[in-house]
Student: 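Below are the structure tokens for one structure; questions will follow.
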Amino acid sequence: MTRDTDPPQADAVACTGLAYAFGAANAVDGLDLTVRQGEVFGLLGPNGAGKTTAIRCVTTLLPVPAGMVRVFGHDTAGDRMAVRRLLGYVPQQLSADAGLTGRENVALFARVFDVPRRERAERVAQALRAVGLADAADRLAATYSGGMVRRLELAQALVSAPRLLILDEPTIGLDPIARTGVWEHIGAVRAATGMTVLVTTHYMDEADQYCDRVALMHRGRIRALGTPDELREGLGARRRAAGTATDTLPTLEDVFRDVAGSGLDDEAGDFRDVRSTRRTARRVG
Ligand SMILES: Nc1ncnc2c1ncn2[C@@H]1O[C@H](COP(=O)(O)OP(=O)(O)OP(=O)(O)O)[C@@H](O)[C@H]1O
């Protein structure tokens, strides 16, 4: 599904030399990244790797001080509104209002995203159905479980029929069944619409199972990129060459550790990262 205004064959996301610093700290440090149309792309990396900062540049919520970001060929710097119309974003932070019903929460997003008034009621109902919340639509969000809240936030992002859905740790703090539920609903919408998905996650099993390609980000840059199989086989080959191969094929977590090294345990992340992760986990848990 392309639109007339899109440059032909444009990638869903193309970042070239993207850099973003908070004061003297380079959160994103020369990021080159391409997300192809229609794929589910996983951005992985330890706390503080720069994933959220990069994603916020793609969504236009942060400016792009250095480098370039294009979404379906539209430059985020020059064509901000065109980019915003193309994407749906589920941030780490809570975006649903506990004092509104599920339907009211989604309707609010429909208004903000300029869904035509005549279509709004049906589009809201459609988004709620797509995430399995039709029966709970008229209950206050305060009564929802953590998994239902996350699916409600997904419906909020889907109501504008985005061509690119960006999810920042969509399943953090959820139990395994709720996690599967979130991914199944994403998969069903994707199968119906061909939507592209860019997701960050710390769950390697999810990346392995649901992502077409993954990129491992560390200290502001991409350190490894490929399908989960390619990454595993690549590490296996390096281990064979070094004479350290074992009988079992490496896991994606092994690849992650190989790329991030000791930075995984003690160098990356800070108080802000921990606080943000815990806050998210608490409210959805
Ligand atoms: N508002 C901010 N002010 C100052 N520093 C920030 C801010 N936001 C992020 N940072 C710093 O930028 C770096 C990248 O953070 P970012 O949140 O992008 O990483 P992340 O990979 O998304 O981490 P996590 O997995 O914990 O969400 C970190 O060192 C972080 O401390």
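Counting convention: from 1, in listed order, for ligands and their atoms alike. Side-chain atoms are counted along with the backbone in the values below, which use heavy atoms only and exclude waters and symmetry mates.
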Student: Decide whether an N or O pair under 3.5 Å exists between A27 and ligand 1.
Tutor: no

Student: Hey, does G50 come in under 3.5 Å of ligand 1, counting only N/O atoms on both sides?
Tutor: yes

Student: Using non-hydrogen atoms of the residue, decide whether Q92 is closer than 4.0 angstrom to ligand 1.
Tutor: yes

Student: Please determine if E122 and R129 form a salt bridge, counting it only when a charged side-chain N lies under 4.0 Å from a carboxylate O.
Tutor: yes

Student: Ligand 1 versus P46, non-hydrogen atoms closer than 4.0 Å: side chain, backbone, both, neither?
Tutor: backbone

Student: Have a look at ligand 1 and work out which part of M217, if any, has a heavy atom under 4.0 Å from it: side chain, backbone, both or neither.
Tutor: neither

Student: Closer than 4.0 angstrom, basic N to acidic O: yes or no for R232 and D229?
Tutor: yes

Student: Backbone or side chain, does any N or O of A49 fall under 3.5 Å from an N or O of ligand 1?
Tutor: yes

Student: Between T52, L44, N47, D29, which one has a non-hydrogen atom sitting closest to atom 22 (O) of ligand 1?
Tutor: T52

Student: At what distance, to the nearest 0.5 angstrom, does CZ of R163 lie from CE of M195?
Tutor: 12.0 Å

Student: Do any N or O atoms from the side chain of E153 and from the backbone of S95 form a donor-acceptor pair under 3.5 angstrom?
Tutor: yes

Student: Excluding sequence neighbours, so at least two apart, what forms ring pair (Phe, Tyr, Trp, His ring centres under 6.0 Å) with Y210?
Tutor: W183

Student: Check ring pair (Phe, Tyr, Trp, His ring centres under 6.0 Å) between Y20 and all other residues, then give those that pass, not counting sequence neighbours.
Tutor: F22

Student: State which residue, out of L108, D138, L133, fulfils the side chain to side chain contact (heavy atoms under 4.5 Å, CB included) condition with R103.
Tutor: D138

Student: Heavy atoms only: which of I55, T53, D168, V28 lies closest to atom 18 (O) of ligand 1?
Tutor: T53

Student: Under 4.0 Å from a heavy atom of H202: give me the atoms of ligand 1 that qualify, with their elements.
Tutor: 25 (O)

